[in-house]
Each structure stands twice: as structure tokens, then as C-alpha cells.
Amino acid sequence: MGISYFNTLTRQVEPFTPREPGRVSLYTCGPTVYNYAHIGNFRAYVFEDLLQRHLEFRGFTVTRVMNLTDVDDKTIRGCRAAGVPLAEFTQPFKTAFFNDLDTLRIERAAHFPEATGADHIARMIEMIAALVERGHAYQAEDGSVYFRIRSFPAYGRLAHLNLDELRPSGRVSSDDYEKESVGDFALWKSWNETDGEVAWDSPWGRGRPGWHIECSAMATGILGPQIDIHCGGEDNIFPHHEAEIAQSECVTGLPFVRLWMHCKHLLVDNQKMSKSAGNFYTLRDLLDKGWTGREVRYALLSVKYREPLNFTSDGLAAARSALGRIDAWSRRLDETAAAVGEPLPPDLNVEAFGAALDDDLNISAALGALFELIRESNKRLDAGELTPGQARTLAGWRDAANSILRFEPDAAAIPLEVEDLLARRAAARAARNWAESDRLRDEIAALGWTVKDTKDGQKVSKS
RNA sequence: GGCGGGAUAGCCAAGUGGUAAGGCCGGGCUCUGCAAAAGCCCCAUGCGUCGGUUCGAUUCCGACUCCCGCCUCCA
């Protein structure tokens, strides 16, 4: 059975086939590094991670690009307020972003181009020049260059917007009188005093690129004129991705993207996340509350990407419990698999997991299949009916599934001091010296570790 | 105003024209020196409201109520 994904352009679930068999080019809109990314941003990045890992699970080689927007209105405003050069202002947020990706176990993209990279700026200017030459763009009185949306009839198709019905919005800035049409968007913004030191030379004078052309230039510059999949949050559909299509196709003359995928937004306690509502969280905020990266990953991953995700502390608590269940099963599996035995099929339904993901990344159904498998194999483990060989096969399957989920526990090295106390406690228990056993348990607890006696011996975990 | 998405148990959440996956919480049991953990079992005659089609609808159609997103640089 093949893979199918929902295409925003056609609004249908379609069979997925890349241009080149076995290889997928994937462009994902990355962060604007003017601040720490929040969990809403990370929902998108975790969704894209699921997509990439699913494709790899199915044998595709994925080349992913995730851009960093390090020049735009917000980054400029930020560096001006801080009184430092742009690059100095954005650097800490770039570093934090990569740390956060690691914490959430998001697979690194092959390329993380930065908009201010000299090659990319050069390509943006090249593309804008081509657009001007072909009549798709024009320079306005203020020196800025705009894309002429009337020159690209397909503009609005991705968002399914009828441009004639657009409602005038208060968000249209006051300088729009300089544009031919209110919908025309900036390709190159001419310098003004609020830009400070931030400017590049161009055929249209000093200025800086518009946001949309940054992505078109980095995407086509690295992945070529045609891309298999392009992702982002649903809010990127219009105008950002619409603009990317217009710019790229008017330059290359080729269809830009085969498949558009967008994830829905995240709500916190059923409300739109906002700083004013006090429900705005960065990953750091959650770690400070004692949640771990993999718990946040589970909470962000466990809801289908095309449904809004309601992010709550109950949800995080549920993630913690569910992960504990998976951990316990996983340990039992490894212990049973350790005994001698030829690998054997476990006679359990291990296909449902992948099949659910093949159906437009139905992660809820996939996790349902995983937990059913856990329950069935637990029953057999209880009954002593799962052979070591079967356990080994199942453990291999688990590892394959986990290459997508990445739910394994954090490796917590047990200090030698604790190891020593555990050994002494084991001896005391063998001698049925319960008083000594309890005393040692308290001592271990004082070091920050919790010991539990299972029928397979002592288990310690960080408390 | 235009376009689109949604409403399933205490919470989160799949799904199907034939009688509701899974997770969390809760209850029971097993295991057990104690503690804790773990495992198993149970937990929606019901899928926003009202009509219609059908042998049969949560699933299709219509109307209604409520929630949410986008409508020019917010993932």
C-alpha cells in the first residue's frame, strides 16, 4: 500500500509520488529569529519531523531545507531596540533554536540557509531582476520593488481566495498608495531610517529583501526549480506560500511544488496562544516547569496535524503516563529478548502502525495500534507465552517504529555512588534484611533517585 | 461580508452506512516483606440540535446552534 497525503492545493488526500523515485525534496519554513520559538512554532516543526521520518521509514531519501529568517521587520526592530548589529541580535536566538530542535528530537535538516547569506541575497536580487524584466514586478515611487499580482492569474489558487472579494483590512499599511494594486507585495524594500545599518546594494538602490522572496530564493537555490513537498503552518498559506508560488514560477516557468502540506494551529487551554492572555509558552518555559523534551514531543506529536491541537498541562501529564507505559513494555521486551533464541515472527499485528501513518500521517490511529500491540504482547509476557525469539523480532519492530516516534527515555547515567548502594541493597534483600534494605532505599532517595522493586529486581529512576 | 475547518465519554482523541480504536483519569483484581511500580479487567445503547433518505446513520442530505482559522509579511 502506498503513501497518501493531503494536498492543500487540491484539498484532497492524494497518493504521494516524488519526482525522482526514492528521493524527496522537502522545504519547510523555519523560524524568524527575533525571539525564542514558542510551542506553536514547534508544533509545525514536530509535524514536519514526523513527515520526514515517515518518508525515511518508508525508504525515501529526504533532502530537507529549513530556512532561518534573520532579516525582516521584527529582527530589525529588535536589533535597533537592543542597539546591536543585526547578526549579533539574532545569533542567540539561532543557537537557542537549534538547542530546542535537539530537545524535541527533531531531525536536523540537510540545510539551514540564512536569509542574510551572501549567496542567497544575490539570488534574491537575481530573481527580482528577472521578475522586473518580464513585467511581473515594478519599482514604485518610494524605490521599493513590488510583485504585480495581476500578472500571475494563478495567484490565490493555493488559498482558494478570489482576489476581487478581498476585504479591505486595517492591516494594510498606509504606504500602499504607492502600489498599483493593494495585493501587490514587496520584493525589495528600499532603505529608510528605521532600517539603521541593515541594507544591501541592489539595482534598485540600497534596501533589503521582502520576506517572501527570501524563501523562494533559498528553496529554488538549494533544491532546484521544482520541489516535492513544501510545508508550513496554516497561516503561511496566504500570503506567504501564495507569493512563493508566484515568484518562483514566474522566474523558472515551471510548477514550483508538487505537494503543499500545512498543519493547523495549536491552542493553549482552548484559547489562541498570546502573550497578553498569559498562555504563551516557549520550550524553555515548559522545561522550567519540569516537563521533558520527549514529553512535550509526545504532546505535540500525538494529535493529527490537520486538527487543531489543544495544548494543556493535562495533556502533558497524559503524555508522561503514556510514555511510562511504553517504557515499561520496552524494558520487558528487551529483558525477554536477551535470552537465547532465533528471531521469530511474534504473530501480532505490526502492520497497522505504518499503515495508519501511510494514510495522511494518522498518528492517533498509529499510536492506537501501538498501544494495542503493547497490551497484546504484555498479556503474552505475563503468561510466559512470548518466546525470546519473538521478543527479539518485536524489539526490532519497536526500534523501527521508534525511528519515527523517538519516544525512548533520556539516557540517565546512574552515578557510581548509587550503583554501589544498589549492589549493597541487593545483597541485603537476598539476605532478607529488610531494615537494611529500607535504610539503603532512603539513602538512594537522598541522592535524588527512586528505587522500585519489581519481580525482575531493582529499578532506579531519577526522582 | 468571502473562503475554510470543527462539535465523539470527566479530559485528549481515531473511526465507520450495520451498531463506537487508543491514551489519560477513575474503579476492580493480580503481583508483593513494606513502599512504589507494573500487568490484566471494567469504564459512551452514545458520537452538537432538529428533520430527511435508508431495513439500518454517529457516519449520507438539509436546516439550525456553538467554536475556531484565514482574508496581505503570525507556525
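Note on naming: letters A, B, ... go to the chains in the order of the sequence lines (proteins, then strands), and numbering restarts at 1 for each one.
- In this structure, a donor-acceptor pair under 3.5 Å is present between the side chains of A/Asn67 and A/Thr69.
- Residue A/Lys74 places no side-chain atom within donor-acceptor reach of the base of B/C74, judged by atom type and a 3.5 Å distance cut-off alone.
- Within residues 242-251 of chain A, no residue has any heavy atom closer than 4.0 Å to RNA chain B.
- Taking only side-chain atoms of A/Tyr45, from C-beta outward, the nucleotide of B/C34, B/G22, B/A75 with the closest atom is B/A75.
- For B/G4 and B/G56, the C1' atoms lie 33 Å apart once the distance is rounded to whole Å.
- When distances are taken from the side chain of A/Lys264 to each of B/G5, B/C70, B/C25, the shortest belongs to B/G5.
- Looking at the side chain of A/His38, the nearest of the listed nucleotides B/A14, B/C3, B/A75 is B/A75.
- Side-chain atoms of A/Asn362 stay outside donor-acceptor range of the base of B/G15, with no qualifying N/O pair under 3.5 Å.
- With hydrogens and angles ignored, the 3.5 Å screen pairs a side-chain donor or acceptor of A/Arg105 with a backbone N or O of A/Arg406.
- Taking CZ of A/Phe97 as the reference point, atom CG of A/Asn41 lies at 8.5 Å (rounded to 0.5 Å).
- The side chain of A/Arg325 contributes an N or O atom lying less than 4.0 Å from OP1 or OP2 of B/G23.
- Straight-line distance from the CD atom of A/Glu307 to the P atom of B/G23: 20 Å, rounded to whole Å.
- Protein atom CZ of A/Arg208 is 13 Å distant from nucleotide atom P of B/C73, rounded to whole Å.
- Straight-line distance between the P atoms of B/A44 and B/G10: roughly 11 Å, to the nearest whole Å.
- A/Asp70 and A/Thr90 form no side-chain donor-acceptor contact under 3.5 Å, judged by distance and modelled atom types alone.
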Restricting both atoms to N or O, compile the protein contacts to nucleotides 28-31 of chain B shorter than 3.5 Å, with distance only.
none

Give me the distances for all protein-to-nucleotides 8-12 of chain B N/O pairs that come in under 3.5 Å?
none

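- Heavy atoms of A/Arg375 sit under 4.0 angstrom from primed sugar atoms or phosphate atoms, though from no base atom.
- Checked against the 6.0 Å centroid threshold, A/Trp188 and A/Tyr146 do not count as a close aromatic pair.
- In terms of phosphate contacts, A/Lys272 brings a side-chain nitrogen or oxygen within less than 4.0 Å of OP1 or OP2 of B/C70.
- On the C1' atoms, B/U54 is 12 Å away from B/C61, given to the nearest whole Å.
- The side chain of A/Lys189 places no N or O atom within less than 4.0 Å of a non-bridging phosphate oxygen (OP1 or OP2) of B/C73.
- In this model, a side-chain donor or acceptor of A/Arg441 finds a partner on the base of B/A35 within 3.5 Å.
- Per the stacking criterion (ring centres < 5.5 Å, plane angle < 30°), A/His265 stacks onto the base of B/A75.
- Atom-to-atom distance recorded for A/Glu372:CD and A/Ile374:CD1 is 10.5 Å, nearest 0.5 angstrom.
- In this pair, A/Phe371 does not lay its aromatic ring on the base of B/G22; centres under 5.5 Å and planes under 30 degrees do not both hold.
- Of the side-chain N and O atoms in A/Asn378, one or more sit less than 4.0 angstrom from OP1 or OP2 of B/C40.
- Rounded to the nearest Å, the gap between the C1' atom of B/G28 and that of B/G69 is 44 Å.
- Regarding A/Lys179, its NZ atom lies at a distance of 10 Å from the C1' atom of B/C73, rounded to whole Å.
- Rounding to the nearest 0.5 Å places NZ of A/Lys304 at 11.0 Å from CD1 of A/Ile363.
- Comparing B/G22 with B/A37, their C1' atoms sit 23 Å apart, to the nearest whole Å.
- The six-membered or imidazole ring of A/Tyr281 lies away from that of A/His38, with a centre-to-centre distance of 6.0 Å or more.
- If you check distances only, the side chain of A/Arg306 never reaches the base of B/G5 with a donor-acceptor pair under 3.5 Å.
- In this structure, A/Arg306 is positioned above the aromatic face of A/Phe6, its NZ or CZ under 6.0 Å from the six-membered ring centre and within 45° of the axis.
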